[in-house]
Amino acid sequence: MTAPRRLLLVNGPNLNLLGGREPEIYGTATLADVVQVATDAAARRGFEVRAVQSNHEGVLIDAIHDARRDCAGIVINPGGLTHTSVVLRDALSGVSLPVAEVHISDVMAREEFRHHSYVADVAVVHVIGEGVPGYATAVARLIDIVTGQAEG
């Protein structure tokens, strides 16, 4: 059986507002732009992307659980759940897939409550503060890991 050539792209609460929400922090790219950036980066390496965005934690957890069936890894921007959700972290840990954590803004340069990530210890890739292009970076680095091409 060959390994799946699909990544799950998870975007958490409020990321559906990209393009209009605080453009001085997040820029003017939309969620559709984010999905396209990730999809294009994956396609360059022969991978597909299944994208999910929800403002509901349980929907995200269900998608992460479902990824066990047909995904090689997970790229996630948990949004505000980064700093609050132990259950999201446990879902990522529980599926035993490699995880890339992405944040559009530099969360370490923002409010102190954003400095802690519950996802950080389960993620093998961290891309912070690169804007929307950071999704392409995360996809490429995660694919390097799942295909055994990561430098190390």
Give me the atom names and distance for the closest heavy-atom approach of [X] to [Y].
X	Y	result
A120	H126	O-NE2, 3.0 Å
L9	A38	CD2-CB, 3.8 Å
G12	Q53	O-NE2, 3.0 Å
V52	A63	CG1-CB, 3.8 Å
R45	A140	NH1-O, 3.6 Å
V102	A138	CG2-CB, 3.3 Å

So, do [X] and [Y] sit near enough that their side-chain heavy atoms are less than 4.5 Å apart?
X	Y	result
D121	R89	yes
T82	H103	yes
H116	H83	no
F47	V146	yes

Rounded to the nearest 0.5 Å, what separation is found between the [atom1] atom of [X] and the [atom2] atom of [Y]?
X	Y	atom1	atom2	result
R44	I143	CZ	CD1	9.5 Å
L15	S54	CG	OG	11.0 Å
N77	L31	CG	CG	10.0 Å
I64	L88	CD1	CG	4.5 Å
I145	L142	CD1	CG	6.0 Å

Are [Y] and [X] linked, directly or through intermediate hydrophobic residues, by side-chain heavy-atom contacts shorter than 4.5 Å (ILVMFWY only)?
X	Y	result
V139	V35	yes
V37	I25	yes
I128	V132	no
V34	V127	yes
I76	V49	no

* Give a yes-or-no answer on whether the side chains of E57 and N55 include a donor-acceptor pair shorter than 3.5 Å. =>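 No, N55 and E57 have no side-chain donor paired with an acceptor closer than 3.5 Å.
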* Asked: Y26 and N14: side-chain donor and acceptor closer than 3.5 Å?
  ->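 Judged by distance alone, the side chains do not pair up.
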* **Pairing of D70 and R50 as salt bridge, 4.0 angstrom limit** =>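 A salt bridge is present here (some side-chain N lies under 4.0 Å from a carboxylate O).
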* Would you confirm whether R5, through its side chain, and G46, through its main-chain N or O, come within 3.5 Å as a donor-acceptor pair? =>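 Yes, R5 side chain to G46 backbone: donor-acceptor pair under 3.5 Å.
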* Side-chain donor/acceptor of D144 to backbone N/O of R141, under 3.5 Å ->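 Such a contact is absent between D144 side chain and R141 backbone.
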* side chain to side chain contact (heavy atoms under 4.5 Å, CB included) between L7 and I74, worked out -> CA-CA 6 Å; L7 301 176; I74 299 170; over 6 Å; no
* To do: Apply side chain to side chain contact (heavy atoms under 4.5 Å, CB included) to N11 and Y135, showing your working.
  => CA-CA 11 Å; N11 281 286; Y135 282 84; 2.6 Å; yes
Using a 3.5 Å cut-off and no angle test, enumerate the donor-acceptor pairs between side-chain atoms of residues 91-99 and protein atoms at least two apart in sequence or in another chain.
none

* I would like to know whether V59 and D62 meet side chain to side chain contact (heavy atoms under 4.5 Å, CB included); could you show each step before the answer? => CA-CA 5 Å; V59 171; D62 288 343; 5.8 Å; no
* To do: Kindly indicate, with the supporting measurements, whether the criterion side chain to side chain contact (heavy atoms under 4.5 Å, CB included) is fulfilled by V75 and V125.
  => CA-CA 9 Å; V75 176; V125 171; over 6 Å; no
